[in-house]
Amino acid sequence: MSAFMVANWKENPETEAEALGLFRKLAKIPRNRNTEIVICPPFVYLEKIAEEFKNLESRARLALGGQDIFWEKTGAFTGEIGPTMLRSLGAAYAIIGHSERRKFLRETDEMVNKKVVASLEAGLKVILCVGEPLAIRRQGFTAAKKFVRRQLAEDLRRTSHIKFQTSSSLVIAYEPIWAIGTGKNCPPFDAARMAAFIKLQARHLKPPVRVLYGGSVNSKNIADYLKNKEIGGALVGGASLNAAEFGRIIKAAGSR
Ligand code: PGA
């Protein structure tokens, strides 16, 4: 199975010139048949990056995504961006439910669910993020599973009627919150167990969803995650801002 690798730039870099420079470098990273890459820059850089993307010699197995989306296509929703708008900019994916949005913007599972449904209905592919906080994880793996099961049940409500075109129409990223940006990555065995559990919870969706791991992924640990067949790729934050490091991650992913 190929590895599905997402570069989540978050609120980086600070200028458009840097963003274009970073995109050019990431787009040059060799992608073999085993790797697909989705680059998710801040919205404001997407249009320029999409122009660069269109002019690339090869766009095979490379796509663009937004880091969020709103559930209404248009309307009186100050500051928001709808799924059709995002698609018209050249993005094929949207990250939804990232823990930083849940934490800093108080996004609830109900909001996440509306975003998931609206995006899928508008033909935008979804990268849905779930994962437990440290306080839950300290209670043990069963508590973590229970937390993730509830998130999935709420976030995936009203999706059974949607016909997914490909196995990447809805991708789920398991991102334990305590592992994001902390350097404390989740033991690969646990990540694989959780990925299998997530697949079980989402078994009503066809074709079967892919599950990614996210949280302090780097070139040294990526192979340990991807050797588990349950893990179909990774969501990479900090390390995707360093083209050389992301290149090493992609190289390791391509040789699994
Ligand atoms: P990180 O972020 O790789 O910097 O830990 C992952 C994410 O939040 O998607």
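One-based numbering, in listed order, for ligands and for the atoms of each. The model shown is predicted, which means the values in this text are computed figures rather than measured ones. The first residue in the sequence is number 1, and the count goes up from there.
When only non-hydrogen protein atoms are considered, atom 4 (O) of ligand 1 lies nearest to Gly238 N, 2.8 Å. Counting only heavy atoms of the protein, atom 7 (C) of ligand 1 lies nearest to Glu175 OE2, 3.2 Å. Nearest protein neighbour of atom 2 (O) of ligand 1, counting heavy atoms only, is Lys10 NZ, 3.2 Å. For atom 3 (O) of ligand 1, the closest non-hydrogen atom on the protein side is Gly237 N, 2.9 Å.
You'll find the side chain of Ile172 reaches within 4.5 Å of the side chain of Leu152, heavy atoms only.
Counting the atoms of ligand 1 from 1 in the order shown, those under 4.0 Å from a heavy atom of His98 are 7 (C), 8 (O), 9 (O). Ligand 1 places these atoms under 4.0 Å from at least one heavy atom of Gly215: 5 (O).
Using a cutoff of 4.0 Å between basic side-chain nitrogens and carboxylate oxygens, Arg102 and Asp109 are scored as salt-bridged.
Proximity of Ser216 to ligand 1 is established by a heavy-atom distance of less than 4.0 Å. Residue contacts with ligand 1 include Gly181, since one or more of its heavy atoms lies under 4.0 Å from the ligand.
A cation-pi arrangement is absent between Arg137 and Phe141 under the rule of less than 6.0 angstrom and at most 45 degrees off the ring axis.
Between Phe77 and Phe70, the ring planes lie tilted relative to each other; the angle falls in the 30° to 60° range.
Under 4.0 Å from ligand 1, the heavy atoms of Asn8 that appear belong solely to its side chain.
Nearest approach of Ala195 to Glu230, heavy atoms of both residues: CB-O, 3.7 Å.
A side-chain contact (heavy atoms from CB on, under 4.5 Å) with Val130 is found for one member of Asp155, Val112, Val211 and no other, namely Asp155.
In this structure, a donor-acceptor pair under 3.5 Å is absent between the side chains of Tyr93 and Ser119.
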